[in-house]
Amino acid sequence: MFGLKTDWSLEVLPRYFTLEDYEGGMARWCPGCGDHGVLAAVQRICRDAQLKPESTVSVSGIGCSSRFPHYMKTYGFHGLHGRALPVACGIKSRRPELTIWVATGDGDCCSIGAAHWVHAIRYNMDMVVMLFDNNVYGLTKNQTSPTSRPGSKTNTHPRGSFLPPLNPALTTLSISNVSFVAQTVDWNPVHVYATLKAAYEHKGLSFVRILQRCPQYTPKVFEEAQRDPSLMLLLEHEKGVQADPAGTKIYTNRTQHDPSDINAARQIASREDVIPIGLLFRDADRPRYEEFSSLGADVTIEEKVQALEKELDRFAI
Ligand code: SF4
């Protein structure tokens, strides 16, 4: 990092980060788990954007995908169940310059963390939120999650779950101040990379629902869509996700969708006959709460004490 000049002063050499600079511990997800591909995509984006590892934070709650921070050689916070988003918002509140990647699962985000999910979307702080949706609680070994399909046999519903599943993309599109919603599938690495890159480049909270394979507990849930690409609907638009055409040419079922149209986004997100992938909605002009919460972050302790004393003096008698 440092070069020694002949006049004995230190010169800081430019740093170039390789993939190894973002690779943490060996991922202990099951073989074939969709989480591996998403991790690789995030590490590639960090490398391609040359993000400083010391200015990057990975935050998670509890679940299989929430082991994410252990596998990133950046700062990380493996939080409590359902609490990834308040931790991430807390970090962004006072350190708005940091890049934040949030990893949360369908149980973590859409069940115990649902209230935090609603408010984090409304706060719209600049971060990428990756919802790893495998339709099951995997870490705790096969319980029904809010996105489990009716009839799914799990330890909590051995005869099959019976409630209709929650639709995370549609739910997010209904929250006020939403600014970015996209959907992708872990088994298409080209599309995952392009979607997460668009999410990273968006200023505001980017919510990306990733349909994620869990060969251990829900091996059949996305099998049909994997085998038959005509069950997918590729969203295309000049303002949308720009994936390498070589990686998306298998999708013959496509539609032009302008991501600034929230009503069209809701209609597409609610479709059950196909799995839409791409950018559903984006509005870069929505207010971001960190612009307010980080005010005064550079105030010195002395200035804070002075301001406090001035305020307290108002009540002197
Ligand atoms: Fe992945 Fe499922 Fe294994 Fe968890 S249980 S690591 S989600 S394959």
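Residue numbers count from 1 along this sequence. Ligands are counted one by one from 1 in listed order, and the atoms in each one are counted from 1 as well.
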Student: Would you find a donor on one side and an acceptor on the other, under 3.5 Å apart, between the side chain of Glu201 and the backbone of Ala198?
Tutor: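 No.
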Student: Looking only at protein heavy atoms, which one is nearest to atom 1 (Fe) of ligand 1, and what is the separation?
Tutor: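 Nearest protein contact, heavy atoms only, for atom 1 (Fe) of ligand 1 is Cys33 SG, 2.4 Å.
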Student: Side-chain contact, heavy-atom cut-off 4.5 Å: Tyr251 with Asn188?
Tutor: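 When only atoms from C-beta onward are counted, Asn188 and Tyr251 do touch, with a gap below 4.5 Å.
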Student: Under 4.0 Å from a heavy atom of Gln212: which atoms of ligand 1 are those, numbered in the order shown and with their elements?
Tutor: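 What qualifies from ligand 1 is 7 (S).
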Student: Using a strict 4.0 Å cut-off to heavy atoms of Pro215, name the atoms of ligand 1 that fall inside it.
Tutor: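 Ligand 1 atoms under the 4.0 Å threshold to Pro215: 8 (S).
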Student: With a cut-off of 4.0 Å, which atoms of ligand 1 are near a heavy atom of Cys64?
Tutor: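 The atoms of ligand 1 under 4.0 Å from a heavy atom of Cys64 are 4 (Fe), 5 (S), 6 (S), 7 (S).
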Student: At what distance is the nearest protein heavy atom to atom 2 (Fe) of ligand 1, and which residue and atom is it?
Tutor: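 Result for atom 2 (Fe) of ligand 1: Cys214 SG, 2.3 Å.
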Student: Hey, what do you get for SG (Cys214) to CG (Asp133), rounding to the nearest 0.5 Å?
Tutor: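 Cys214 atom SG to Asp133 atom CG measures 11.5 Å (nearest 0.5 Å).
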Student: Would you name the heavy atoms of Gln50 and Arg15 that are closest together and state the gap between them?
Tutor: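 So the two residues come closest at OE1-O, 3.9 Å.
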Student: Can you pull out the closest protein heavy atom to atom 7 (S) of ligand 1? Residue, atom name and distance to 0.1 Å, please.
Tutor: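 I find the closest protein heavy atom is Asn134 ND2, 3.4 Å.
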Student: Note the single closest protein heavy atom to atom 3 (Fe) of ligand 1, along with its residue, its atom name and the distance in Å.
Tutor: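 The answer is Cys30 SG, 2.3 Å.
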Student: Distance under 4.0 Å to a non-hydrogen atom of Tyr217: what atoms of ligand 1 satisfy this?
Tutor: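 Listed by number with element, the hits are 5 (S).
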Student: Of all the heavy atoms in Arg28, does at least one lie under 4.0 Å from an atom in ligand 1?
Tutor: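 No, that is not the case, since the closest heavy atom of the residue is not under 4.0 Å from the ligand.
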Student: Within the distance-only criterion (no hydrogens, no angle test), does the side chain of Lys220 pair as donor or acceptor with the backbone N or O of Pro215 below 3.5 angstrom?
Tutor: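 Checking the backbone N and O of Pro215 against the side chain of Lys220, no donor-acceptor pair under 3.5 Å is found.
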Student: Does the pair Phe68 and Trp101 meet the rule for a ring-ring contact (aromatic ring centres under 6.0 Å, His included), with working shown?
Tutor: CA-CA 9 Å; Phe68 204 90; Trp101 299 90; 7.9 Å; no
Student: For Tyr123, does the six-membered ring have the charged nitrogen or CZ of Arg288 within the cation-pi criterion, i.e. under 6.0 angstrom from the centroid and within 45° of the normal?
Tutor: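 Cation-pi check for Arg288 and Tyr123: fails.
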Student: Only heavy atoms of Trp29, strictly under 4.0 Å: list the atoms of ligand 1 that pass.
Tutor: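 Near Trp29, meaning under 4.0 Å from one of its heavy atoms, ligand 1 has 6 (S).
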